[in-house]
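Any value given below was found using the heavy atoms of this structure, including those in side chains, with hydrogens, waters and symmetry copies removed. All residue numbers in this chain count up from 1 along the given sequence.
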Amino acid sequence: MKNDYQHKFVSAETAAKAVQPGDWVDYGFGAGFPELMDKALAARKDELRDVKIRGGLVIRPRIEVVECDPEQSTFSYYSWHIGDYERKLQSRGLVRFLPMILRSLPDLYRNHIRVDVAFVPVSRPDENGYCGLGIGCYAWRTIFENARTVVFEINEHYPRLQGVDGSHRVHLSEADYIVEGEHDPLPLRTYRDPSHVDIEIAKHVLKEIPDGATLSLGVGGVPFTVARMLAESDLTDLGCWTGTISDAFMELYRAGKLTGRRKEIDNGLATWNLAMGSQELYDWLDAEPQLFHPGDVDYVHSPERMSKISNFIAIMGGVQLDLMGQENAESAGTRQLSGIGGQLDFLEGAFRSRGGKGFICLNSARKDKEGNLKSNIVPFIPGGSTVSAPRTMIQYVATEYGVAKLSGLSLLERAEAMASVAHPQFREELLRYAHENFR
């Protein structure tokens, strides 16, 4: 079958000639990355002008089109979600942030923004010419169906799963050009050991999770710690419906807890859009594809679909919350730390689920550069910082001091609940503000 499309196999240098001055080029999202095409496009720096690249949540150590052109004379890089490497670029003024809610991304590409060339990382093809989207289903089908030119970059390290009914599948015939070559090992996402505060927050959240719950876990210390505690708990038949599948879910599976037997949709399967974690995680996806339903953003990030799953539990991290319950999940003042990504999607899914619960988990306080203690629960989100989730969508807030349930409370009652889980050093001033402003 591969021979039928041999005429499409070209060098990365040849495929990169499809990019014209003024083009928008898409690189994708997460741990997947078109590294051969990135290098080939960077090599055309002196031939091109005004080429704009979109990506997001990059965890690899380098983007060649950015590093080769720090003056941005040819290439400009735009990110949907600031990842580890992009934070370093941000400090150098080399990344431009694009705000979005992840579930809206496919409609952006369908109706509102232009994509000229798509560099799509895929797995090795099978005997019928089908490839898997590896570790990032993302919104790739929507993107390349709206692109002028589609380049498939075959990565020999990618898991080969193709998904339920081809949910994670593309065919060689859908590409204009196909590129092969030797790749670096897949980028890994590691987790630090949980802090004492992470453990205390996780203990509080664990008490709120029922038997048979379906989990959406954000990336970070608290969600991972919750998963480890669940693996050692008496709870059974847990399910997975999450934006990013990680080692946390692999740990639950190996403990016999992750069966998905009670999921009303994708019964018995783990549902996800991206994969990010250890090499062991990627090997698991490759070895046991029958356990998973990788799906695109339209499918996985749909609150309507999540609402049909009972006891849907979303566990997310935050940066700040104010006394009304408004949440900042992504910025420190005007400095972008990450992005909203799918957080609103999963919070709404939990809100609409029968028995569902959405948690924002955060340390009650932090120390600044001078060593002064600062509260992460504040009277109001400060100017310049982002309100990522409105007060109307926040159900539960968890700190090391407990869980505050905000649903159905008045402004004053919400403020009192928030103050009760704040650091003790700040409770009095928070309550004073609340009683002065929410009478």
Side-chain angles (χ1 to χ4, degrees), residues 31 57 59 83-84 188-260 270 272 274-278 280-281 284 311-321 327 329-330 337-338 341-343 346-347 350 356-367 376-377 389 394-405 421-423:
L57 196 58
I59 64 171
D84 298 348
L188 308 180
R189 182 66 179 259
T190 58
Y191 294 88
R192 59 174 171 77
D193 290 335
S195 67
H196 170 71
V197 172
D198 291 337
I199 292 168
E200 290 304 308
I201 297 172
K203 285 178 181 177
H204 294 306
V205 174
L206 193 70
K207 296 173 186 175
E208 302 283 344
I209 300 176
D211 218 36
T214 292
L215 304 172
S216 174
L217 300 178
V219 293
V222 172
F224 198 81
T225 306
V226 169
R228 284 183 169 170
M229 290 182 177
L230 284 169
E232 298 170 358
S233 74
D234 295 330
L235 297 179
T236 59
D237 289 337
L238 299 171
C240 166
W241 188 294
T242 195
T244 301
I245 194 167
S246 65
D247 290 67
F249 287 102
M250 183 172 66
E251 192 159 335
L252 286 171
Y253 176 75
R254 290 180 172 171
K257 305 293 184 179
L258 192 71
T259 68
W272 51 272
L274 303 173
M276 197 178 301
S278 66
E280 201 173 1
L281 172 73
W284 179 45
N311 296 317
F312 186 86
I313 308 295
I315 302 172
M316 308 289 169
V319 176
Q320 285 176 318
L321 283 106
E327 182 221 7
E330 54 185 301
L337 300 174
S338 55
Q343 187 180 100
F346 294 102
L347 287 176
K357 298 176 183 179
F359 294 88
I360 298 297
C361 304
L362 79 169
N363 294 15
S364 66
R366 70 191 186 284
K367 287 188 177 180
N376 290 328
I377 294 175
I394 303 299
Q395 285 179 277
Y396 295 86
V397 175
T399 75
E400 68 270 34
Y401 294 104
V403 174
K405 182 179 180 183
V421 297
H423 191 283

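- In this model, no donor atom of one side chain and acceptor atom of the other lie less than 3.5 Å apart for E330 and S338.
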Q: Show your reasoning for whether salt bridge (charged side-chain N to carboxylate O under 4.0 Å, His left out) applies to E280 and R254.
A: CA-CA 12 Å; E280 201 173 1; R254 290 180 172 171; 2.6 Å; yes
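- Nearest heavy-atom pair, M316 versus S216, reported as atom, atom and distance to 0.1 Å: CE-OG, 3.5 Å.
- Closest approach of P223 to G218, counting heavy atoms only: CB-O, 3.1 Å.
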Q) Can F249 and W272 be said to form a ring pair (Phe, Tyr, Trp, His ring centres under 6.0 Å), step by step? A) CA-CA 11 Å; F249 287 102; W272 51 272; over 10 Å; no
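- Atom CG of L206 is separated from atom OG1 of T225 by 11.0 Å, given to the nearest 0.5 angstrom.
- A 4.5 Å side-chain heavy-atom check between F359 and Q395 finds every atom pair outside the cut-off.
- Aromatic ring orientation, F346 versus F312: parallel (interplanar angle below 30°, classes split at 30° and 60°).
- Note: M229 CE to K207 NZ = 10.5 Å, rounded to the nearest 0.5 Å.
- For the pair L337 and V319, the minimum side-chain heavy-atom distance is below 4.5 Å.
- For the atom pair E200 CD and T399 OG1, the distance stands at 10.0 Å (nearest 0.5 Å).
- Taking every heavy atom of both residues into account, A404 and V421 meet most closely at N-CG1, 4.0 Å.
- When every heavy atom of E327 is checked against every heavy atom of G318, the shortest pair comes out as OE2-CA, 3.4 Å.
- Between the side chain of E400 and the backbone N or O of N363, no donor-acceptor pair lies under 3.5 Å.
- Between D198 and R192 a salt bridge is recorded (basic side-chain N to carboxylate O distance below 4.0 Å).
- The two residues I245 and A270 have their closest heavy-atom pair at CD1-CB, 4.3 Å.
- A donor-acceptor contact shorter than 3.5 Å links the side chain of K257 to the backbone of S233.
- Residues M276 and L57 are in side-chain contact: their nearest non-hydrogen atoms beyond the backbone lie under 4.5 Å apart.
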Q: Any chance you could lay out the side-chain contact (heavy atoms from CB on, under 4.5 Å) test for C240 and L258, step after step, and finish with the verdict?
A: CA-CA 7 Å; C240 166; L258 192 71; 4.0 Å; yes
(Q) Pair D247, F224 - check side-chain contact (heavy atoms from CB on, under 4.5 Å), show working. (A) CA-CA 8 Å; D247 290 67; F224 198 81; 3.8 Å; yes
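- The backbone N or O of Q320 sits nowhere less than 3.5 Å from a side-chain atom of N376 that would complete a donor-acceptor pair.
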**Q.** Test log, rule side-chain contact (heavy atoms from CB on, under 4.5 Å), inputs T214 and L238
**A.** CA-CA 6 Å; T214 292; L238 299 171; over 6 Å; no
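- Side-chain N/O atoms of D237 and T259 include a donor and acceptor closer than 3.5 Å.
- S278 places a side-chain N or O within donor-acceptor distance of the main-chain N or O of L281, the cut-off being under 3.5 Å.
- Within the 4.5 Å cutoff, the side chain of I360 has heavy atoms near those of the L321 side chain.
- Under the 4.5 Å side-chain criterion, counting only non-hydrogen atoms from C-beta, N311 is not in contact with D211.
- The structure places CD1 of I315 at 11.5 Å from CD1 of I201, a figure rounded to the nearest 0.5 Å.
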**Q.** Worked verdict on Y396 versus C361 for side-chain contact (heavy atoms from CB on, under 4.5 Å)
**A.** CA-CA 9 Å; Y396 295 86; C361 304; over 6 Å; no
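- With hydrogens and angles disregarded, a donor-acceptor distance shorter than 3.5 Å links the side chain of Q343 to the backbone of G317.
- Side-chain atoms of K357 come within 3.5 Å of backbone atoms of E208 as a donor-acceptor pair (strictly under, hydrogens ignored).
- Under the 3.5 Å distance criterion, the side-chain polar atoms of D84 are left unmatched by any main-chain donor or acceptor of I59.
- Of the inter-residue distances, the one linking I209 atom CD1 with L215 atom CG reads 6.0 Å to the nearest 0.5 angstrom.
- The side-chain heavy atoms of L230 and L252, taken from C-beta on, include a pair separated by under 4.5 Å.
- For the pair V397 and K405, the minimum side-chain heavy-atom distance is 4.5 Å or more.
- Smallest separation of non-hydrogen atoms from T244 and A275: CG2-C, 4.4 Å.
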